[in-house]
Amino acid sequence: MNKVELLKKIAQLESINDHLQTEINYVDQLMRMAGFQGGIETVKLAAMEIVKQAQSEG
């Protein structure tokens with residue numbers, strides 16, 4: 001890849017990163033509004049606990 005191609009790729013990746021960060025912030029905000037006080041982190045902990053319980057039962 002030459003310098004121009006690399007700069008285009010960097011710009012593309014920065015755009016994707018911005019979009020993903022916006023989506024993560026939106027989901028975090030929704031989870032807080034839905035009652036998960038810690039947002040995504042709390043959802044992840046709850047999901048891990050559900051998986052752990054399912055594995056111990058199965």
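Worth knowing before you read on, the calculation uses all heavy atoms, side chains too, and leaves out hydrogens, waters and symmetry mates.
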Are L30 and F36 grouped together when hydrophobic residues (ILVMFWY) are joined by side-chain heavy atoms under 4.5 angstrom apart? yes
If I take atom CE from residue M1 and atom CG from residue L7, how far apart are they, to the nearest 0.5 angstrom? 11.0 Å
Quick one: do Y26 and V43 end up in the same hydrophobic cluster if we chain Ile, Leu, Val, Met, Phe, Trp and Tyr together by side-chain heavy atoms under 4.5 Å apart? yes
Supply the atom-to-atom distance E49 CD to K52 NZ, rounded to the nearest 0.5 angstrom. 5.5 Å
Under 6.0 Å from the CD atom of Q37, do we count more than 12 heavy atoms belonging to anything else shown? no
Between S15 (side chain only) and A11 (backbone N and O only), is there a donor and an acceptor less than 3.5 Å apart? no
Should K8 and E5 count as an ion pair when the cut-off is N to O under 4.0 Å? no
Tell me, with the steps shown, if N25 and Q21 meet side-chain hydrogen bond (donor to acceptor under 3.5 Å, both in side chains). CA-CA 6 Å; N25 290 339; Q21 187 62 51; 3.1 Å; yes
Nearest non-hydrogen partners of I40 and D28, listed with the distance: N-OD1, 2.8 Å
